Amino acid sequence: MSYDFLDTLDLGGPQEGAGIGTWLTTTSGESVTVNTPIDGSVIGEVKLASLTEYEQVVAAAQEAFIKWREVPAPARGEVIRKLGEAFRAKKGELGALISLEMGKIRAEGEGEVQECIDIFDFAVGLSRQLYGLTMHSERPKHRMYEQWHPIGLVGIITAFNFPMAVWAWNAAIAAVCGDAMIWKPSLKTPLCAIAIQKIVDEVFAEAGHPGVMTTIVGKDADVGETMINDKRLPLISATGSCRMGRHVGTAVAQRLGRSLLELGGNNAIIVDESADPEMVVRGALFGAVGTAGQRCTSTRRLMLHRSMFDEVVERMAKAYATVPIGDPLAEGTLMGPLIDEDSVKQYSAAIETAVAQGGTVVAGGNVLDRPGTYVEPTIIASETRLEISHHETFAPILYITPWDRLEDAIADQNDADQGLSSAIFTNNIRNAERFLCASGSDCGIANVNIGTSGAEIGGAFGGEKDTGGGREAGSDSWKAYMRRQTCTINYGSELPLAQGISFG
Ligand code: UN1
């Protein structure tokens with residue numbers, strides 16, 4: 001297979017004369033082979049960095065930070081605006097590369113690049129809005145305010161499923177905040193990272209600030225471990241499994257660093273008796289089948305009011321049977337492959353367990369007999385909740401159960417280790433508000449008449465409990481990337497003490 005769009009993206013190896021803004025020759029002697037999940041064929045070989053290169057990258061980022069933090073924030077925003085333009089110019093090619101390396105369909109690949117562009121735009125505006133509060137001092141002729149300064153070097157660790165957008169959420173915000181950063185992408189999707197870094201290199205070299213955004217392709221065991229334990233990186237922003245997040249969070253806490261964690265989800269949609277069944281089917285289909293169920297926001301559970309159960313299950317099963325599965329780059333495909341064989345094994349094991357626990361497969365359930373890692377999107381129905389539905393399987397498996405009382409449905413939806421995304425489909429305003437109130441959904445994201453996935457960048461993205469508590473992207477998530485300073489100024493000629501203390 002030839003992939004013409006790769007010609008437009010510069011994915012070549014190191015240049016001569018390593019320095020800031022160039023690619024280093026690696027000394028590890030190891031490399032990772034990149035296979036496309038489309039048919040398993042090899043699409044690249046990427047040399048892995050060792051700790052020697054890690055030191056060089058940190059040194060480059062430190063040097064870049066010293067200069068970058070002095071640049072006025074709106075001028076930093078101007079560089080991000082140019083980065084956004086560069087992404088716009090290559091949106092199709094970058095989207096196709098995501099499909100090729102990760103397996104999501106073209107529309108979703110391009111959607112992910114659009115998500116990068118959106119956060120760049122957001123960051124440009126934000127660069128003029130890094131506001132601090134002012135306070136009234138209790139002392140006469142005193143003034144108090146708080147200001148925000150760049151935190152320093154940010155370590156960004158990302159997963160395979162959003163090989164560009166999650167980097168962009170972090171990188172765009174960190175950059176306008178005045179930080180420099182080191183990105184360690186998933187070893188399953190290093191080509192996406194290289195394509196991005198090549199664009200970044202050009203934009204930042206032209207701006208005179210090479211080294212603000214750097215990438216290191218290395219193993220968790222050496223580069224990853226060193227990053228999370230490195231005091232020179234005051235903030236580690238990590239996206240991935242709950243197991244990974246627990247490890248990262250513990251290591252960073254041990255050195256009293258800051259971590260921003262965006263981990264797994266076990267996201268449910270609740271459907272009440274007033275909901276529009278057509279909207280439910282469309283919302284649940286995108287939520288559960290989109291990205292082949294490999295989003296942290298993917299819909300894992302569909303909880304139907306008993307009066308809706310038969311109708312919605314039947315409609316869902318029909319919709320699932322017609323999902324075109326195949327090459328994610330081909331026109332008309334709705335579901336591409338899973339990322340690798342290991343994911344296929346987990347998919348099969350989860351279905352087997354679900355059936356053993358009393359679940360009925362009402363759609364899908366099979367691995368496709370063809371090259372690549374293709375499976376059928378699967379629905380498993382049961383009268384009561386299956387134990388397996390407490391676990392996040394990164395695959396298109398949807399568990400459906402009926403409910404009679406909204407209270408029970410909300411309690412059941414909250415009965416998950418993770419707390420990322422949640423949704424209710426209803427036309428009943430009382431039920432909607434019941435779901436959104438303090439004793440309703442316990443997740444970081446709660447939607448009404450929208451599925452659990454596909455959040456916009458303008459909101460803060462993340463969740464509670466085992467999801468890790470971090471918030472990335474929009475709203476005031478930028479505060480995680482800066483340090484806060486409270487300043488008190490005495491413009492009088494007396495020295496009154498706070499709390500009215502008289503001292504000597
Ligand atoms: C993820 O799966 O890690 O809300 C991120 C969504 C996307 C981001 C998902 N905007 O589904």
Side-chain angles (χ1 to χ4, degrees), residues 87 95 98-99 101-105 107-122 156-173 183-186 188-189 192-193 237-245 248 260-269 282-300 335-336 338-339 343 392-396 398 418-423 441 443-448 450-464 466-475 477:
F87 268 64
I98 295 176
S99 300
E101 194 177 30
M102 183 275 162
K104 66 177 70 172
I105 61 168
E108 289 189 81
E110 289 192 13
E112 176 164 354
V113 182
Q114 185 58 47
E115 194 160 345
C116 300
I117 295 167
D118 291 344
I119 195 76
F120 294 145
D121 284 353
F122 179 91
I156 304 170
I157 298 171
T158 57
F160 76 88
N161 64 332
F162 273 80
M164 294 191 186
V166 174
W167 163 81
W169 297 347
N170 285 281
I173 305 296
W183 177 24
K184 190 183 112 38
S186 162
K188 293 175 184 172
T189 51
C192 285
S237 174
T239 305
S241 68
C242 298
R243 191 174 51 82
M244 179 280 281
V248 170
L260 201 173
L261 302 175
E262 198 263 284
L263 311 173
N266 188 344
N267 318 299
I269 294 177
R282 287 177 45 205
L285 189 70
F286 179 67
V289 174
T291 328
Q294 299 170 108
R295 292 190 187 214
C296 53
T297 50
S298 289
T299 308
R300 309 277 174 219
M335 201 183 96
L338 289 177
I339 185 71
S343 291
E392 180 189 32
T393 304
F394 233 51
L398 181 68
Q418 305 89 335
L420 179 56
S421 188
S422 59
S441 164
C443 293
I445 296 170
N447 295 334
V448 176
I450 297 171
T452 56
S453 66
E456 303 175 19
I457 57 91
F461 184 93
E464 308 302 336
D466 283 6
T467 301
R471 291 297 186 279
E472 296 178 320
S475 185
S477 305

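Hydrogens, waters and symmetry mates play no part in the numbers below; they use all other heavy atoms, side chains included. Both ligands and their constituent atoms are indexed starting at 1 by order of listing. Quick caveat: nothing in here was measured; it's all calculated off a predicted structure.
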Would you mind writing out the side-chain donor-acceptor pairs for residues 466-475 within the sub-3.5 Å range, not counting sequence neighbours?
residue : atom : partner : partner atom : Å
Asp466  : OD1  : Arg246  : NH2          : 3.3
Asp466  : OD2  : Arg246  : NH2          : 3.1
Thr467  : OG1  : Gly264  : O            : 2.7
Thr467  : OG1  : Gly419  : N            : 3.0
Thr467  : OG1  : Leu420  : N            : 3.4
Thr467  : OG1  : Glu464  : O            : 3.4
Arg471  : NH2  : Glu464  : OE2          : 2.4
Glu472  : OE2  : Asn170  : ND2          : 3.2
Glu472  : OE2  : Ser237  : OG           : 2.9

Does ligand 1 have any N/O pairs with the protein under 3.5 Å, and how far apart?
residue  : atom   : partner : partner atom : Å
ligand 1 : 2 (O)  : Asn161  : ND2          : 3.1
ligand 1 : 2 (O)  : Cys296  : N            : 2.8
ligand 1 : 4 (O)  : Gly454  : N            : 3.2
ligand 1 : 4 (O)  : Ala455  : N            : 2.7
ligand 1 : 10 (N) : Glu115  : OE1          : 3.3
ligand 1 : 10 (N) : Glu115  : OE2          : 2.9
ligand 1 : 10 (N) : Ala455  : O            : 3.3
ligand 1 : 11 (O) : Arg295  : NH1          : 2.8
ligand 1 : 11 (O) : Thr297  : OG1          : 2.6
ligand 1 : 11 (O) : Gly454  : N            : 2.8

_Could you measure the distance from the SG atom of Cys296 to the CG atom of Leu263? Nearest 0.5 Å is fine._
9.0 Å
*Judged by atom type as modelled, is there a donor-acceptor pair below 3.5 Å linking the side chain of Thr393 to the main-chain atoms of Ala395?*
no
*Excluding sequence neighbours, so at least two apart, what forms side chain to side chain contact (heavy atoms under 4.5 Å, CB included) with Glu115?*
Phe162, Ala165, Trp169, Ile457
*Not counting sequence neighbours, list each pair that qualifies as a salt bridge (Lys or Arg N to Asp or Glu O under 4.0 Å) and has a residue in residues 287-298.*
Glu108-Arg295
*asked:* Side chains of Ile173 and Phe122, heavy atoms from C-beta outward: is any pair under 4.5 Å?
replied: yes
